[in-house]
Amino acid sequence: MKLSEARPGDLVKIKGFEGECDKFRTRLEAMGIRQGDIVEVKSKAFLGPIEIRNDDVDLALCRGQAEKIVVKPLRVKKVS
């Protein structure tokens with residue numbers, strides 16, 4: 001599953017990054033996003049950025065970045 005597919009309220013674990021681009025991985029690590037981190041999806045705009053919370057830090061990622069982050073769902077918010 002990709003981070004871009006997660007819904008607001010979901011808790012996911014970062015499993016890895018697609019493309020093996022060191023520049024992309026270095027940029028994410030500089031923002032505090034690393035493989036093995038558990039993040040919560042805070043909000044997701046239609047065709048816009050995805051806001052996540054990692055520890056106590058809120059970050060907004062563009063959809064293209066979120067497409068390259070592979071995650072494992074830990075807690076999925078139920079749609080009512």
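All residue numbers in this chain count up from 1 along the given sequence.
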Looking only at heavy atoms, which two atoms of [X] and [Y] are closest? And how far apart?
| X | Y | result |
| --- | --- | --- |
| Ser4 | Glu67 | OG-OE2, 2.8 Å |
| Phe17 | Ile33 | CZ-O, 4.2 Å |
| Ile50 | Ala66 | CD1-CB, 3.5 Å |
| Glu18 | Val70 | CG-CG2, 3.7 Å |

For the atom pair [atom1] ([X]) and [atom2] ([Y]), what is the distance rounded to the nearest 0.5 Å?
| X | Y | atom1 | atom2 | value |
| --- | --- | --- | --- | --- |
| Leu3 | Arg63 | CG | CZ | 9.5 Å |
| Leu11 | Ile52 | CG | CD1 | 11.5 Å |
| Arg34 | Ile14 | CZ | CD1 | 10.0 Å |

(request) Using modelled atom types only, decide if a donor and an acceptor are shared between the side chain of Asp37 and the backbone of Asn54 within a distance under 3.5 Å. (result)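 Looks like no, no N/O pair under 3.5 Å.
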
(request) Keeping the roles fixed (side chain from Arg75, backbone from Gly9), state whether a donor-acceptor pair exists under 3.5 Å. (result) yes

(request) Please determine if Glu40 and Arg53 form a salt bridge, counting it only when a charged side-chain N lies under 4.0 Å from a carboxylate O. (result) no

(message) Taking side-chain contact (heavy atoms from CB on, under 4.5 Å) as the criterion, tell me which of Arg7, Glu5, Met1 meets it with Pro73.
(response)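 Single pass found, and it is Met1.
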
(request) Give me the one residue out of Glu29, Lys13, Arg25 that meets side-chain contact (heavy atoms from CB on, under 4.5 Å) with Gln35. (result)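 One option only clears the test, and that one is Arg25.
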
(message) With a 4.5 Å cut-off on side-chain heavy atoms, are Leu61 and Ile69 touching?
(response)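 Ile69 vs Leu61: side chains touch.
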
